[in-house]
Amino acid sequence: MSAFQAPTGTRDLYGADGARVEALVARFAHLAHLAAFGLVVSPMFEDAGVFRRGVGETSEVVTKEMYVFEDKGGRTLALRPEGTASVVRAFVQHRPTLPWKAWYVTPAFRYERPQAGRYRQHHQLGVEVLGSDDPDLDAEVVSLLAGFYAAVGLERVELRVNSMGDAGCMPAYGASLAAYLAARAGELCDEHAATWERNPLRVLDCKRAPCIAVREGAPRIADALCDPCAGHFARFTAGLDALDVAWRRDDFLVRGLDYYTRTTFEFASLALDAAQNGIGGGGRYDGLVEQLGGPATPGIGFGSGIERILLACEAEGLASLGETPLDVFVVDVTGGAAARDITHELRRAGISAERSFDGRSLKSQLKQADRSGARVACIVGPEELAAGSVTLRRLRRLRRGLDAAAGPDAGQERAERGALAATLDAWLR
RNA sequence: GUGGCCGUAGCUCAGUUGGUUAGAGCGCCAGGUUGUGGCCCUGGAGGUCGGGGGUUCAAGUCCCCUCGGUCACCCCA
């Protein structure tokens, strides 16, 4: 047991996990660029008020789980529990031209008991668009996330969508829901029997049988939407159809952060257990910019959890995600200068290359080459050094079809040092 | 924050009613083969038995506390 360990609920991602994260971020960045999103990098901590007002005073993410601390200047700061509030704060501060389309990758911090797929530091990929309430944009944003999951290789993903109305129709719906719940408050689960008055919408989201029974007879959001909100939702879902994004309406989809209006959506992995199967979600937040002191500006975005995506990939058996075999392993038993120079030369030519250090034996170096997964070993011994050449040897993934009886020298040949990169290009093609 | 289960080598785990220098497999390093990896053989490194306290002649083993992991609830990515 080492003296220091990663803090509770945190972990180190490295090796195969590190490669997977790299692949996820690269694919997301690529898709974001194709859709004209620009990267935004914001501080991981903010004035705690940014999250209190931005995420919502009543959300549990803020009331129970936020990492709040005082710095040496007496400022009350908080580690970001999610990405949207910071990006919106940056928008209000800098006022970029509209529409502003930003993507990000960020750690997020929540103080809670760790569990499968739930950590005190997790990582999210996301986008935000400020400055348009066009429902076609909603479809574009959701389509981006759906396309990302598809590009990663996930197939068992379900999209649920809903509309939470706006400041015009939501208060009336909240009142009618509250009136309905008041009449049946005794039938709710223990948790919500105590809290339904403060946030009646949360009852719709409850997974316990008593609340599920109660909500069956509850007023429906769909019936309560005003004409503009209903029209917005209809255009949004028509957009999803046009973009070939499969979706399912869920009247009870009520997300946990307070800022959502109109469009809300959630992607769940059907390969994961229900407890932590949410891999990404988001929605529209047309009042958030004002909440943070900016001019009335509509916005929409999503966040998707990298650790959850990794779990979903594992559950779907996508083992090869991020696997990028090394091209060449340089084996040098003449002192290391040749390895030093050849790896440099290959890398400059765009060929990935590794070598061993510390003057290991030929056997040891070849063993390392094998283990590295490299496709080709480039061997330099005294003979090659004297002749100005190298020996190229196919390693395991290039040896299919080579007869073992053909001898130890099968699948290898000499190449001139001067033509090395060109020869390897042909081998690796 | 509440509850269940679990902490022995880098990893997966054995370790008898408490009894001498705590073991195996895998992995790692070296050698067998001073020019050929994967298979095989031999050897080696690597452990304050999560930490602290207690009981005992004696604790990996029993008791208490604590830290950590894991799973579930809550909530969420």
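What you see below is based on every heavy atom in this structure, not just the backbone, and it leaves out hydrogens, waters and symmetry mates. Being a predicted model, the structure only gives us computed values, none of them experimental.
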With a 4.0 Å cut-off on heavy atoms, is A/Gly381 in touch with a base, just the backbone sugar-phosphate, or nothing at all? base
Here the residues of residues 321-338 of chain A within 4.0 Å heavy-atom distance, strictly under, of RNA chain B are none
Decide, applying a 5.5 Å centre-distance limit and a 30° plane-angle limit (both strict), whether A/His123 stacks on B/rA77. no
Cation over ring, A/Arg80 on A/Phe45, under 6.0 Å and within 45°? no
Could you work out, with ring pair (Phe, Tyr, Trp, His ring centres under 6.0 Å) as the rule, every residue matching A/Tyr180, not counting sequence neighbours? none
For A/Gln365 and B/rU36, give me the distance from atom CD to atom P, rounded to whole Å. 14 Å
If you look only at pairs with a residue in residues 141-155 of chain A, which of them pass as a side chain to side chain donor-acceptor pair (under 3.5 Å), with sequence neighbours excluded? A/Tyr149-A/Ser304
Roughly, in whole Å, what's the span from CG in A/Leu366 to C1' in B/rC39? 15 Å
Contacts of A/Lys363 and A/Gly278 projected onto RNA chain B by closest heavy atom; the upstream (5') one is A/Lys363
B/rG38 and B/rC28, which share atom name P, separated by this distance in whole Å: 11 Å
Enumerate the residue pairs fulfilling side chain to side chain donor-acceptor pair (under 3.5 Å) with a member in residues 307-325 of chain A, sequence neighbours excluded, ordered by first and then second residue. A/His123-A/Glu307
Between A/Ser352 and A/Asp327, is any side-chain donor less than 3.5 angstrom from a side-chain acceptor? yes
Side-chain donor-acceptor pair under 3.5 Å between A/Gln365 and A/Ser356, yes or no? yes
Only stems of 3 or more consecutive Watson-Crick or G-U pairs count here, both distances under 3.5 Å; name the ones for RNA chain B, or none. B:1-7 with B:67-73, B:10-13 with B:23-26, B:28-32 with B:40-44, B:50-54 with B:62-66
Rounded interatomic separation in angstrom, taking CD from A/Glu383 and C1' from B/rU34: 14 Å
Below 3.5 Å, does any donor atom in the side chain of A/Gln412 face an acceptor in the base of B/rU36, or the other way round? yes
Sequence-distant partners of A/Arg262, side-chain hydrogen bond (donor to acceptor under 3.5 Å, both in side chains), two or more places apart: none
Round to the nearest Å and state the distance from A/Leu362 atom CG to B/rU34 atom C1'. 10 Å
With C1' as the reference atom in both, quote the distance from B/rC57 to B/rG1 in angstrom, rounded to an integer. 46 Å
Atom-pair distance (CG on A/Asn277; C1' on B/rA77), nearest Å: 11 Å
Using the C1' atoms only, state how far B/rU55 lies from B/rC63, rounded to an integer number of Å. 7 Å
Ignoring hydrogens and angles, write down the donor-acceptor pairs under 3.5 Å from the side chains of residues 25-42 of chain A, residues two or more places apart or on other chains.
{"residue": "A/Arg27", "atom": "NH1", "partner": "A/Ala151", "partner atom": "O", "Å": "2.9"}
{"residue": "A/His33", "atom": "ND1", "partner": "A/Ala29", "partner atom": "O", "Å": "2.9"}

List every contact pair, protein side and nucleotides 68-74 of chain B side both N or O, where the distance is under 3.5 Å.
{"residue": "B/rG68", "atom": "OP1", "partner": "A/Thr8", "partner atom": "OG1", "Å": "3.0"}
{"residue": "B/rG69", "atom": "OP1", "partner": "A/Gly9", "partner atom": "N", "Å": "3.3"}
{"residue": "B/rG69", "atom": "OP2", "partner": "A/Thr8", "partner atom": "OG1", "Å": "3.4"}
{"residue": "B/rC71", "atom": "OP2", "partner": "A/Ala116", "partner atom": "N", "Å": "2.8"}
{"residue": "B/rA72", "atom": "OP2", "partner": "A/Gln115", "partner atom": "OE1", "Å": "3.1"}
{"residue": "B/rC73", "atom": "O3'", "partner": "A/Arg208", "partner atom": "NH1", "Å": "3.4"}
{"residue": "B/rC73", "atom": "N4", "partner": "A/Arg118", "partner atom": "NH2", "Å": "3.3"}
{"residue": "B/rC74", "atom": "OP1", "partner": "A/Arg208", "partner atom": "NH1", "Å": "3.1"}
{"residue": "B/rC74", "atom": "N3", "partner": "A/Arg118", "partner atom": "NH1", "Å": "2.8"}
{"residue": "B/rC74", "atom": "N4", "partner": "A/Gln115", "partner atom": "NE2", "Å": "3.2"}
{"residue": "B/rC74", "atom": "N4", "partner": "A/Arg118", "partner atom": "NH1", "Å": "2.1"}

Please enumerate all protein N or O atoms sitting under 3.5 Å from an N or O of nucleotides 25-28 of chain B, with distances to 0.1 Å.
{"residue": "B/rC28", "atom": "OP1", "partner": "A/Arg371", "partner atom": "NH1", "Å": "2.7"}

P spacing across the pair B/rG50 / B/rU33, given as an integer number of angstrom: 43 Å
Residues of residues 301-308 of chain A with a heavy atom under 4.0 Å from any atom of RNA chain B, listed by number, are A/Gly305, A/Arg308
Can you tell me how far C1' in B/rU34 sits from the matching atom in B/rU20, rounded to whole Å? 45 Å
Sidechain N-carboxylate O distance under 4.0 Å for A/Asp17, A/Arg20: yes
Taking atom C1' of B/rU36 as reference, at what distance in whole Å does atom CZ of A/Arg414 sit? 13 Å
Flag the pair A/Arg340 and A/Glu345 as a salt bridge only when some basic side-chain nitrogen lies within less than 4.0 angstrom of an acidic carboxylate oxygen. no
Quick one: side-chain contact (heavy atoms from CB on, under 4.5 Å) partners of A/Ala319, sequence neighbours excluded? none
Can you confirm whether the side chains of A/Gln291 and A/Tyr285 place a donor and an acceptor under 3.5 Å from each other? no
Do A/Thr263 and A/Asp138 pair up side chain to side chain, a donor and an acceptor below 3.5 Å, judged on atom types alone? yes
When rounded to the nearest 0.5 angstrom, what is the spacing between CG in A/Leu145 and CD in A/Glu266? 11.5 Å
State whether A/Asp332 and A/Arg355 are salt-bridged, where the test is any N-O pair (Lys NZ or Arg NE/NH1/NH2 against Asp/Glu carboxylate O) under 4.0 Å. no
Answer yes or no for A/Arg394 and A/Trp427: cation-pi contact, defined as NZ/CZ to six-membered ring centre under 6.0 Å and angle to ring axis within 45°. yes
Describe the nucleic acid contact of A/Gln368 in one word from base, sugar-phosphate, nothing, applying a heavy-atom distance below 4.0 Å. nothing
Of A/Pro382 and A/Ser364, whose nearest nucleotide on RNA chain B comes first from the 5' end? A/Ser364
Integer-rounded Å distance: B/rG35 P and A/Leu385 CG: 14 Å
Under 4.0 Å between any heavy atoms, over every strand shown, what does A/Glu384 touch: base, sugar-phosphate, or nothing? Just pick one. base
Any residue meeting side-chain hydrogen bond (donor to acceptor under 3.5 Å, both in side chains) with A/Thr391, in chain and number order, not counting sequence neighbours: A/Glu384, A/Arg414
When you compare B/rG3 with B/rG46, how far apart are their P atoms, in angstrom units rounded to a whole number? 42 Å
For atom P, what is the distance between B/rU8 and B/rG69, given to the nearest Å? 14 Å
Does this structure show an ion pair linking A/Arg248 with A/Glu158, if we count only N-O contacts that are shorter than 4.0 Å? yes
Rounding to an integer number of angstrom, what distance separates B/rA58 and B/rG18 when you compare their P atoms? 15 Å
